[in-house]
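The structure appears right after this line, and notes come after that.
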Amino acid sequence: VTSAERYVTAAYLVVLAVVLAYVVIYAFKLSRLEREVGELAELARRKKEEVAG
Amino acid sequence: VLAAAAAGLLLLGISLAFYWVPNAPIEGFRQRIFYLHVPVALTAYASFFWAAWKALRLLWTRDQRYDLESYTAVHVGVIFGVLTLVTGSIWARTSWGVWWTWSERQLVLFLVLFLFYSAYFMLRYSVDPGPRRASMSAVYALFGVVLIPVSFLAIRLAEGLIHPVVFTHEVGDKLSASQLVTFGICFAGMLALAGALYVNELTGKRLDERVSELREALS
């Protein structure tokens, strides 16, 4: 493997790594949003029970 | 759809760059970074232009939804800005033997542009959310776009540079048909990738806002 081949591969891998990192960060964000929506649904259910009770 | 188009176009573009395009006469194998570095840089410029367009719409209409759109475009532009600097640095190392050179106006101006847009986040988060922050961010994003033509034209106006100039009126002499086609596919793929990131980010940020509104309404 020549030096040029190593550098070219590194450049392409850097872009791939950044895109993958973005996907991972986004997956964390989605799971946080899912948790927060779940908490809000629970809060809304309790409020509804309070109003009914 | 955008994400699928990005994946398809980029896979095709990279395959063509490695298996179809011949080695460049002077640059040789390392010229293949061109199909990555230039589309990434142009996509960063396109994202900043998009941010400025949304900022202009905000200032023109006072519609606050453009604030989030402009902010998201800057966010995507900065991601592509980082990639431009990193891939450019790798190309510089293999081509010129150095990771960075301060004597190249094109490089320094792109760094200034990148730092300018990075500072956008500091400005944005130093002001409380609301119309004032939206207006300040919009004006800042509009000022930044002035740097783009300066950055793009710097290399064409300067003398004695080592950074190559490919896209001139003689582009047909400098790039073969296979190189131009591959570049076009990679650029389209990169734009589609930026579009997909922009739509995802915007959806996520809007969801965040709505969850916060719901939390306030329920508490």
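From a predicted model like this one, the values you see are computed outputs, not experimental measurements. Throughout, a chain's letter reflects where its sequence line sits, starting with A, and its residues are numbered from 1. Computation of the quantities below employed the complete heavy-atom set of this structure, encompassing side-chain atoms and omitting hydrogens, waters and symmetry-equivalent molecules.
Neither the backbone nor the side chain of Ala6(B) comes within less than 4.5 Å of any heavy atom in chain A. Tyr35(B) touches chain A through backbone and side chain together, each having a heavy atom under 4.5 Å away. With a threshold of 4.5 angstrom between heavy atoms, Val211(B) approaches chain A through its backbone and through its side chain. In this structure, chain B has heavy atoms under 4.5 Å from both the backbone and the side chain of Leu40(A). Contacts between Arg32(A) and chain B at a heavy-atom distance below 4.5 Å involve the side chain alone, from C-beta outward. Heavy atoms of Glu201(B) lying under 4.5 Å from chain A belong to its backbone as well as its side chain. Contacts of Tyr12(A) with chain B are made by both backbone and side-chain atoms, with heavy-atom separations under 4.5 Å.
Considering CZ of Phe29(B) and CZ of Arg6(A), their distance stands at 12.0 Å, rounded to 0.5 Å. Atom CZ of residue Arg32(B) and atom OG1 of residue Thr9(A) lie 10.5 Å apart, to the nearest 0.5 angstrom. Here Glu42(A) contributes atom CD and Leu218(B) contributes atom CG; the two are 11.5 Å apart, rounded to the nearest 0.5 Å.
Minimum interatomic distance between Tyr7(A) and Arg93(B) (heavy atoms only, all atoms of both residues): OH-CG, 3.5 Å. Considering every non-hydrogen atom in both Lys29(A) and Gly204(B), the closest pair reads NZ-C, 3.8 Å.
For the set Thr87(B), Val82(B), Asp208(B), the entry with the most heavy-atom pairs within less than 4.5 Å of chain A is Asp208(B). Top candidate by heavy-atom pairs under 4.5 Å with chain B, chosen from Ala11(A), Ala10(A), Ala44(A), is Ala11(A). Chain A forms the most heavy-atom pairs under 4.5 Å with one residue out of Val86(B), Asn200(B), Val40(B), Leu193(B), and that residue is Asn200(B).
No more than 12 heavy atoms of other residues, nucleotides or ligands lie within 6.0 Å of OH in Tyr19(B), so this atom counts as exposed by the packing criterion. Glu49(A) CD: more than 12 foreign heavy atoms inside a 6.0 Å radius.
Among the candidates Leu10(B), Ile14(B), Leu36(B), the single residue satisfying the side-chain contact (heavy atoms from CB on, under 4.5 Å) test with Val15(A) is Leu36(B).
A salt bridge links Glu39(A) with Arg215(B): the distance from a Lys NZ or Arg NE/NH1/NH2 to an Asp or Glu carboxylate oxygen falls below 4.0 Å.
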Where do Val8(A) and Trp91(B) land on the side-chain contact (heavy atoms from CB on, under 4.5 Å) test, with the steps shown first? CA-CA 8 Å; Val8(A) 171; Trp91(B) 198 359; over 6 Å; no
